[in-house]
Amino acid sequence: MLDWNPALYRRYEDERTRPAQELLARVPLTEAARVVDLGCGPGNSTELLVQRFPKAHVIGTDNSEAMLVSARERLPQAGFELSDIATWAPQEAPDLIYANASLQWVPDHDTLIPRLFDALAPGGVLAVQMPDNRQEPTHRLMRAVAAEAPWAEPVGDADKLRTQLFGLGGYYDLLAPRAAHVDVWHTIYQHPMANAAAIVEWVRGTGLKPFVDRLPPDLQASYLAEYERRVDAAYPARADGKRLLAFPRMFIVAQKKA
Ligand SMILES: C[S@@+](CC[C@H](N)C(=O)[O-])C[C@H]1O[C@@H](n2cnc3c(N)ncnc32)[C@H](O)[C@@H]1O
């Protein structure tokens with residue numbers, strides 16, 4: 001996959017940061033010495049952690065150098081490291097492992113989630129938020145267009161491009177036997193978007209990226225045009241002309257026994 005584009009990602013930063021705030025609000029810690037933000041992106045989620053735990057040693061990790069450059073500029077007081085979440089292991093056990101909108105890019109959740117939880121200090125917290133939008137029109141349509149000629153061949157098996165996620169019950173089952181308590185919930189955000197092009201721009205910063213990255217430039221343009229045409233039909237104009245982008249997200253907060 002080509003590197004991420006921090007400027008494109010930050011265009012909808014307020015909307016993307018709201019779930020990060022709501023996840024952090026449910027973290028049952030009054031203080032923390034070591035905090036890690038896995039998949040920190042441009043540092044928007046790390047900034048929340050620094051504000052909430054001003055005395056903590058806060059580290060952000062990401063496997064995108066472009067994202068880390070943006071994060072370091074934003075938050076010189078935090079530490080940022082290039083690493084892959086799939087193989088990441090802390091040198092010292094953190095009190096909080098926080099992952100907002102990143103673990104959906106990492107495979108093998110049946111082993112990943114217990115491994116992250118086991119890496120916590122006693123009483124530590126694993127806090128995870130992931131989009132749950134694979135069955136939303138935005139995502140069904142990106143797969144549907146990619147399954148057609150002339151885009152199907154270069155994109156390949158679109159269904160294999162992203163990690164298969166469990167339902168909330170599956171994450172609860174993975175964590176409950178090891179945890180003091182587990183809190184899971186689901187929120188469907190409704191984002192008013194200016195038009196279909198704005199919806200396409202939003203998903204281009206994240207979920208659409210693996211599809212577009214696989215196409216040569218001429219096919220990228222035709223794929224995006226056809227995708228936008230279908231998005232336009234799937235999200236009708238509301239009373240003010242805007243489109244309501246429904247965005248389901250799942251939240252998991254699990255605390256280790258002290
Ligand atoms: C949707 S952004 C989330 C950014 C930020 N945490 C936030 O709350 O907005 C996902 C981030 O995860 C990073 N990422 C994806 N796969 C990763 C992996 N295997 N290891 C480390 N970072 C990864 C991406 O580079 C990107 O910066």
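We count ligands from 1, going down the list as the structure has it; atoms in each ligand are counted the same way.
When Gly39, Ala101, Ser83 are ranked by how near their heavy atoms come to atom 21 (C) of ligand 1, first place goes to Ser83. Counting only non-hydrogen atoms, the option in Asn100, Leu23, Val106 that gets closest to atom 8 (O) of ligand 1 is Asn100.
For ligand 1, the atoms closer than 4.0 angstrom to any heavy atom of Trp105 are 15 (C), 16 (N). Residue-ligand proximity, Ile85 to ligand 1, at heavy-atom distances under 4.0 Å covers atoms 18 (C), 19 (N), 20 (N), 21 (C), 22 (N).
The residues Arg230 and Glu226 are annotated as salt-bridged, a charged nitrogen and a carboxylate oxygen being separated by less than 4.0 angstrom. A salt bridge links Arg243 to Asp232: at least one charged side-chain nitrogen sits closer than 4.0 Å to a carboxylate oxygen. By the 4.0 Å N-to-carboxylate-O rule, Arg26 lies close enough to Asp183 to be salt-bridged with it. The residues Arg52 and Glu47 are annotated as not salt-bridged, no charged nitrogen and carboxylate oxygen being separated by less than 4.0 angstrom.
By the 3.5 Å distance cut-off applied to N or O atoms, Asp62 is counted among the residues near ligand 1. Looking at Gln104 next to ligand 1, no N or O pair under 3.5 Å apart turns up. By the 3.5 Å distance cut-off applied to N or O atoms, Ser45 is counted among the residues near ligand 1. Among the atoms of Asp84, some N or O lies under 3.5 angstrom from an N or O of ligand 1. Residue contacts with ligand 1: Asn44 is placed with a nitrogen or oxygen under 3.5 Å of a nitrogen or oxygen of the ligand (distance criterion only). Annotation: Met67 places no N or O atom under 3.5 Å from an N or O atom of ligand 1; distance criterion only.
A cation-pi contact, defined as under 6.0 Å to the ring centre and within 45° of the axis, is absent between Arg115 and Phe117. Under a cutoff of 6.0 Å and an axis angle of 45°, Arg16 and Trp202 form a cation-pi pair.
For the ligand labelled ligand 1, residue Cys40 lies inside the 4.0 Å heavy-atom shell.
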